Amino acid sequence: QVQLVESGGGLVQAGGSLRLSCVASGSISSISDMGWYRQAPGKRRELVAVTTFGGSTKYSDSVKGRFTISRDHAKNTVNLEMNSLRPEDTAVYYCNAQMADTLYRYLEVWGQGTLVTVSS
């Protein structure tokens with residue numbers, strides 16, 4: 001009964017910016033880690049950025065310094081601000097969360113993805 005819904009994807013020119021958002025909803029008790037992954041054509045899904053409940057963050061080397069992950073705990077959301085976008089950032093971006101439901105069972109949940117296309 002838990003789902004993640006991403007938004008904010010679209011088409012942007014190289015050097016531009018986009019902000020992705022993900023909201024978790026449903027029978028949630030608490031959320032620990034939230035993160036963003038991406039999958040480009042012909043490649044495996046890879047970690048982009050992750051943040052813990054306490055605020056520690058981890059970024060892929062390819063996005064460090066350009067992307068910023070943040071959370072709004074009250075709204076069960078995670079955002080990804082993407083700056084200085086490059087064509088190689090083109091991918092479907094997926095939101096991921098580790099959480100406990102209202103029966104305190106562990107869940108790892110994925111969103112359906114939002115497409116980011118960066119043109120040269």
Side-chain angles (χ1 to χ4, degrees):
Q1 300 185 50
V2 178
Q3 62 181 247
L4 303 177
V5 179
E6 303 99 334
S7 62
L11 175 65
V12 64
Q13 294 188 3
S17 300
L18 283 175
R19 187 184 185 191
L20 306 182
S21 294
C22 170
V23 58
S25 62
S27 55
I28 300 168
S29 177
S30 62
I31 301 175
S32 55
D33 299 346
M34 299 189 79
W36 291 93
Y37 294 71
R38 68 186 181 187
Q39 187 167 17
K43 295 192 175 185
R44 305 289 293 176
R45 188 175 299 187
E46 64 175 348
L47 175 71
V48 177
V50 64
T51 183
T52 68
F53 181 85
S56 64
T57 59
K58 179 179 175 64
Y59 295 91
S60 167
D61 288 342
S62 64
V63 308
K64 190 173 180 64
R66 299 188 296 121
F67 293 9
T68 302
I69 189 170
S70 62
R71 292 178 68 167
D72 184 334
H73 293 279
K75 297 185 181 299
N76 288 334
T77 61
V78 62
N79 303 311
L80 185 70
E81 183 178 357
M82 304 184 295
N83 300 312
S84 301
L85 284 162
R86 305 165 180 168
E88 53 263 42
D89 294 319
T90 295
V92 177
Y93 284 71
Y94 297 92
C95 181
N96 172 268
Q98 298 179 37
M99 64 182 70
D101 66 11
T102 52
L103 295 178
Y104 307 104
R105 297 177 295 193
Y106 168 81
L107 299 173
E108 185 169 20
V109 184
W110 291 90
Q112 291 298 304
T114 185
L115 177 63
V116 172
T117 303
V118 184
S119 63
S120 61

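Side-chain atoms are counted along with the backbone in the values below, which use heavy atoms only and exclude waters and symmetry mates. If you're wondering where the values come from, they're calculated on a predicted model, not measured in any experiment.
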Identify the two heavy atoms, one from [X] and one from [Y], that lie closest to each other, and give their separation to 0.1 Å.
| X | Y | result |
| --- | --- | --- |
| Ser17 | Ser84 | OG-N, 4.3 Å |
| Leu18 | Gly8 | CD2-O, 3.9 Å |
| Ile31 | Ala97 | CG2-CB, 4.2 Å |

Tell me, yes or no, whether the heavy-atom count around [X] atom [atom1], taken from other residues, nucleotides or ligands under 6.0 Å, exceeds 12.
| X | atom1 | value |
| --- | --- | --- |
| Glu88 | CD | yes |
| Glu46 | CD | yes |
| Glu108 | CD | yes |
| Tyr104 | OH | no |

Rounded at 0.5 Å granularity, tell me how far [atom1] in [X] sits from [atom2] in [Y].
| X | Y | atom1 | atom2 | answer |
| --- | --- | --- | --- | --- |
| Gln98 | Thr52 | CD | OG1 | 10.5 Å |
| Leu80 | Met34 | CG | CE | 12.0 Å |
| Lys58 | Thr51 | NZ | OG1 | 13.0 Å |
| Ser119 | Arg86 | OG | CZ | 15.5 Å |

(request) Check whether any side-chain heavy atom of Ser21 sits under 4.5 Å from a side-chain heavy atom of Lys75, and report yes or no. (result) no

Quick check against the 3.5 Å criterion: does [X] have a side-chain atom that pairs as donor or acceptor with the backbone of [Y]?
| X | Y | value |
| --- | --- | --- |
| Ser27 | Thr102 | no |
| Thr90 | Val118 | yes |
| Glu6 | Cys95 | yes |

Report yes or no: do [X] and [Y] belong to one cluster of Ile/Leu/Val/Met/Phe/Trp/Tyr joined by side chain heavy-atom distances under 4.5 Å?
| X | Y | result |
| --- | --- | --- |
| Val12 | Val92 | no |
| Val23 | Val109 | no |
| Ile69 | Met99 | yes |
| Leu4 | Ile28 | yes |
| Val50 | Val116 | no |

(message) Run the salt bridge (Lys or Arg N to Asp or Glu O under 4.0 Å) test against Arg105 and tell me which residues pass, sequence neighbours left out.
(response) Asp101

(request) Return the set of residues passing salt bridge (Lys or Arg N to Asp or Glu O under 4.0 Å) with Arg66 (not counting sequence neighbours), or none when no residue passes. (result) Asp89

(request) Take Cys22 and Val78, measure what side-chain contact (heavy atoms from CB on, under 4.5 Å) needs, and give me the verdict at the end. (result) CA-CA 5 Å; Cys22 170; Val78 62; 3.7 Å; yes

(message) Between Asn96 and Arg45, is the side-chain contact (heavy atoms from CB on, under 4.5 Å) condition met? List the steps.
(response) CA-CA 12 Å; Asn96 172 268; Arg45 188 175 299 187; over 6 Å; no

(message) Considering only residues two or more places apart or on different chains, which pairs with a residue in residues 20-70 satisfy ring-ring contact (aromatic ring centres under 6.0 Å, His included)?
(response) Tyr37-Trp110, Phe53-His73

